[in-house]
Structures are given as C-alpha cells and as structure tokens.
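Following: one structure in structure tokens, then a few remarks.
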Amino acid sequence: MISAQAWADAQLLWDYHFMHHAPRPCSVAVGLGSHDLGVADVTADLYHRGMAPVIVFTGSTSPTTRVRMPRGEAIHYRERALQLGVPESAILLEPRATNTVENIEFTKAVLVDAGIAVSSVLLVSKPYEERRSYAMMRKLWPEVEVVCASTSMSLEAYTDSIGNARMVVDMIVGALQRVLVFPDWSLAIKQDVPDVIVAAYERLCAEGFTSRLLPADVAARPGR
C-alpha cells in the first residue's frame, strides 16, 4: 500500500519533473530508451505532426528492460514506430547506450555518421525524466536547443499503464536525486529545486521509496 501522504508527495515530484515545453519543429526527435513503450508512441505522433523529419531511438537493455524488451530498447521502439506508420527511412537506431550519458553521446555520433546537421532536438522521454534529461542535454550537448516531450497522462493513469505503482514512485524519486546531484558531477546543469520538492523527496525516501537511488557513497562523490 502507498499512503495518502506518499501519493501527494509523488504528485509534487511528478509535476516538478515536467518541463512544460510546447512542441515545435526540431532537427531531430530523440526517443530515450526505457521500459516504457509509450516513449515510442509519443515520438511517432510527433513525427506525424511534422515536428521532426528524422527520429533516433537510443538504448540497449537494463535490468528493468531485459525481459520486457529482449531485443533492446531502441529496436523495440523502432518496431513500435513502424507499426504506427513511421517510414523505415525516417528512423535511425542507436542500440548500445546503457545510460543517459551514452544515449546523448552515441546519438550525436549516429547523427554525424548520417550527415545530419542538428541545431535543435525534440527530446522524448518518460514524463518523470523530462527535467533530468533536459539538464543533462544542456550540459553535454550545449550547442543545440532542447525541447522536451512526453505522454500527457496523469500520475494515476501512468502508474495504471505501467502496472507497478511502487516502481514508478521509486523511479520518480530516483530521477529527483539525479537532478540534485548530477550538476556536481558535471553531468547536468543546475536546476532550481524548491524547498517543497526537496521536502517531498526526503519524505518519500524515509518511507522506503529508494530502490532507484544511487548508493550514498556514489551520490556524495562529486566530479564523476
């Protein structure tokens, strides 16, 4: 069971993670690999709306996706986008990345190899990864403009779609931790994190929503 206070705190973090960017045409759409096939759905929809002429799906597998997506996140995303009518010629694959740093760096290499000039990126992620992904892109690929996008589901609808509410709350908490610590590692730009958000994060940690947190000795180490 998840307490009413924990749900309220999770909702605060959920709302904070959204960047609230309005979609606009960009050089490329990048779908960040994850356990959530809905990222591919959103990316395909944006392509059909004329928001990007080409898509890069990036991601290998992780402990969370190994069973759900045995052929790799990028490949499963590509298969889903093809089912949704995106032409094969519009999709590039980056199938090796196992974390967001690699998603960004390897995607850059794929686009260079394809001869595609990039001035702006439509960055598609899970809803609670928008802010962290944006902060990392601005640090690691500062020369491009970044527009974030994700499904517009409510927290309740999203947890229902995933089928594991506790896992989602754990991930929301883990994403906030990375927003807090990644700037000290030179992996992300610093974000304004209101006190009310920090307090909600600390309460959720105290209630045990910690499975996606970095270990304490790792999180405390700057400059990584």
With a 3.5 Å cut-off and no angle check, do the side chains of [X] and [Y] form a donor-acceptor pair?
X	Y	value
Ser150	Ser125	no
Ser34	Tyr77	yes
Glu94	Thr107	no
Glu102	Thr98	yes
Arg68	Ser62	no

Around Glu105, counting heavy atoms of other residues, nucleotides and ligands shown, do more than 12 lie under 6.0 Å from its CD? yes
_Over 12 foreign heavy atoms within 6.0 Å of CG, Asp195_ = no
Cation-pi check for [Y] against [X]: NZ or CZ below 6.0 Å from the six-membered ring centre and within 45 degrees of the axis, yes or no?
X	Y	answer
Arg132	Phe182	no
Arg96	Phe106	yes
Arg131	Phe18	no

Would you mind reporting whether [Y] and [X] have side-chain heavy atoms less than 4.5 Å apart?
X	Y	value
Lys139	Met136	no
Pro23	Arg49	yes
Glu143	Trp141	yes
Val54	Tyr47	no
Ser3	Glu207	yes
Val124	Val30	no
Val179	Val193	yes
Asp15	Gln11	yes

Which atom names give the shortest non-hydrogen contact between [X] and [Y], and what distance separates them?
X	Y	value
Ile2	Ala165	CD1-CB, 4.1 Å
Tyr16	Pro194	CE1-CD, 3.8 Å
Ser186	Leu140	O-CD2, 4.3 Å
Glu130	Ala149	OE2-C, 3.6 Å

Determine, using the 4.5 Å side-chain heavy-atom cutoff (strictly less than), whether [X] and [Y] are members of one ILVMFWY cluster.
X	Y	result
Val28	Leu122	no
Val56	Leu37	no
Leu93	Leu32	no
Ile91	Ile116	no
Tyr128	Val146	yes

Can any side-chain N or O of [X] pair as donor or acceptor with the backbone N or O of [Y] at less than 3.5 Å?
X	Y	answer
His35	Arg66	no
Thr65	Thr61	no
Thr100	Asn103	no
Ser27	Val121	no
Thr210	Leu213	no

(message) Measuring centre to centre across the rings, with the benzene-like ring taken for any Trp, is His76 within less than 6.0 Å of Phe57?
(response) no
Measure the [atom1]-[atom2] distance between [X] and [Y] for me, rounded to the nearest 0.5 Å.
X	Y	atom1	atom2	value
Tyr158	Ser154	OH	OG	12.0 Å
Ser120	Met51	OG	CE	12.0 Å
Glu129	Cys148	CD	SG	11.0 Å
Trp185	Arg178	CH2	CZ	7.5 Å
Ser211	Arg166	OG	CZ	8.0 Å
Trp14	Leu176	CH2	CG	14.0 Å

May I ask you to decide whether [X] forms a salt bridge with [Y], counting only side-chain N to carboxylate O separations under 4.0 Å?
X	Y	answer
Asp36	Lys126	no
Glu79	Arg71	yes
Arg138	Glu145	no

Check your understanding: Which is it for Met153 and Ser161 under the side chain to side chain contact (heavy atoms under 4.5 Å, CB included) test, yes or no, and what are the steps along the way?
Key -> CA-CA 9 Å; Met153 287 183 184; Ser161 74; 3.9 Å; yes
Assign the ring pair Tyr134 / His21 to parallel, tilted or perpendicular, where the plane angle (0 to 90°) is split at 30° and 60°. perpendicular
Exactly one of Asp9, Leu13, Leu204 clears side-chain contact (heavy atoms from CB on, under 4.5 Å) with Ile172, and that residue is Leu13
query: Under the side chain to side chain donor-acceptor pair (under 3.5 Å) criterion, do Thr64 and Arg212 qualify, and how do the steps go?
result: CA-CA 11 Å; Thr64 306; Arg212 300 291 166 162; 2.8 Å; yes
